[in-house]
> 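Just dropping this structure here.
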2 protein chains.
Amino acid sequence: MRASKQRKLTAKGWKIGDAKDFMALSASEEAYIKIRLKLADGLKARRSSRGITQTELASALRSSQSRVAKMEAGDPTVSLDLLVRSLLALGTSNRELAAMIAHSLRVT
Amino acid sequence: MRASKQRKLTAKGWKIGDAKDFMALSASEEAYIKIRLKLADGLKARRSSRGITQTELASALRSSQSRVAKMEAGDPTVSLDLLVRSLLALGTSNRELAAMIAHSLRVT
DNA sequence: TGACGGTATGTCTGTTCTGACATACTCTTG
DNA sequence: CAAGAGTATGTCAGAACAGACATACCGTCA
């Protein structure tokens, strides 16, 4: 991982590896984070293109505005589970979801 | 959701909706569960095709054999996060992961 | 049959994630 | 410059999930 990218991620609160890391994990670790960021972007795009507010989405999900904000910000306290469930609740199809993941290598 | 399928899932410990459900959630809820089951199958297939044991995979993941077993069984106490991280750790590419999700409508 | 390698299941304790709330920030619009 | 709508950020108590361990359940092979 390039240093500049690592800085960008750690700035968001991500922990990239640590002393007792398996070498083998770091690669998949990065892929995992990229997927999450891509889904976060997808969520934001979907919601705003629908013209609904975070608060509205939150109530449809039975969650809270703050959590929606964190989801879209790619906050590390938000799980993949929640991201995926939110996207699905927004009507995202499996194919669309799959596309996001397939293209997650391109997270800038 | 057909009653027979619902029975099959609830037998595994899944809770499908409940009294105070949003109608809108139940559909995506089902999609979500199907994705998880598909990934669970994928994990099992990948591991055994590599000829490694659950215990070996567990140690590579720094997890435990029991958790790997639960993952493969589609146990509801296993999160999507863990499933995805495990698949990635097994070397699954984003494209392959995406394919699993795209095809998750076909979980039998 | 017994022993063994692999897998499944149940349960424990500690960590992580959740929704909720408060509050601060950022735009508009008047 | 308010006032309001929308979004971001910090925190917390409770829920969900984690790894670990014990133990039960297969197969298979001697």
> Need one value for B:V78: base, sugar-phosphate or nothing, where a base atom within 4.0 Å counts as base even if backbone is also close, heavy atoms only.
sugar-phosphate
> What pair of heavy atoms forms the shortest contact from B:N94 to A:I101, and how long is it?
ND2-O, 3.4 Å
> Might you list the N or O atoms of the protein lying below 3.5 Å from N or O atoms in nucleotides 10-13 of chain C, with each pair's distance?
| residue | atom | partner | partner atom | Å |
| --- | --- | --- | --- | --- |
| C:dG10 | N7 | B:K70 | NZ | 2.8 |
| C:dG10 | O6 | B:K70 | NZ | 3.3 |

> Rounded to 10°, tell me the angle between the two end axes of the helix from C:dT1-D:dA30 to C:dG30-D:dC1, each built from five pairs.
30°
> Mind checking if B:S64 touches a base, just sugar-phosphate, or nothing, with heavy atoms under 4.0 Å?
base
> Look up atom OH in A:Y32 and atom CG in A:L80, then write down how far apart they are to the nearest 0.5 Å.
5.0 Å
> Please give, in whole Å, the distance from C:dC17 P to B:L80 CG?
14 Å
> Got a list of protein N/O to nucleotides 5-7 of chain C N/O distances below 3.5 Å?
| residue | atom | partner | partner atom | Å |
| --- | --- | --- | --- | --- |
| C:dT7 | OP1 | B:R47 | NH1 | 3.0 |
| C:dT7 | OP2 | B:Q54 | N | 2.9 |

> Measure CG/A:D75 against P/C:dG19 and give the value in whole Å, please.
13 Å
> With rounding to the nearest 0.5 Å, note down the distance linking OG in B:S79 to CZ in B:R85.
6.5 Å
> With sequence neighbours left out, write down each residue that passes side chain to side chain donor-acceptor pair (under 3.5 Å) with A:T55, or none if nothing qualifies.
none
> Roughly how far apart are B:L61 CG and B:L88 CG, rounded to 0.5 Å?
10.5 Å
> To the nearest Å, how far apart are A:M71 CE and C:dA20 C1'?
13 Å
> List the atom of A:S104, the atom of A:K34, and the distance in Å for their closest heavy-atom pair.
O-CB, 3.5 Å
> Return the minimal non-hydrogen interatomic distance between B:G51 and B:E56, and the atom names on each side.
O-OE1, 4.4 Å
> What heavy-atom pair brings A:A58 and A:Q65 nearest, and what distance separates the two atoms?
CB-N, 3.5 Å
> What's the shortest heavy-atom distance between B:L82 and B:R67, and which atoms?
CD2-CG, 3.7 Å
> Given the rule in the side-chain contact (heavy atoms from CB on, under 4.5 Å) test, do A:I52 and A:L90 qualify, once you have shown the distances and angles that lead to the verdict?
CA-CA 10 Å; A:I52 69 178; A:L90 270 175; 4.1 Å; yes
> Reading DNA chain D in the 5' to 3' direction, which nucleotide is the first one with an atom under 4.0 Å from a heavy atom of chain A, and which is the last?
D:dG6 to D:dT11
> Check B:T92 against B:L87 and note the closest heavy-atom contact, atom names and distance.
OG1-O, 2.7 Å
> How many angstroms lie between CD in A:Q54 and CG in A:L43, if you round to the nearest 0.5 Å?
9.0 Å
> Could I get the full list of side chain to side chain donor-acceptor pair (under 3.5 Å) partners for A:R47, not counting sequence neighbours?
A:E72
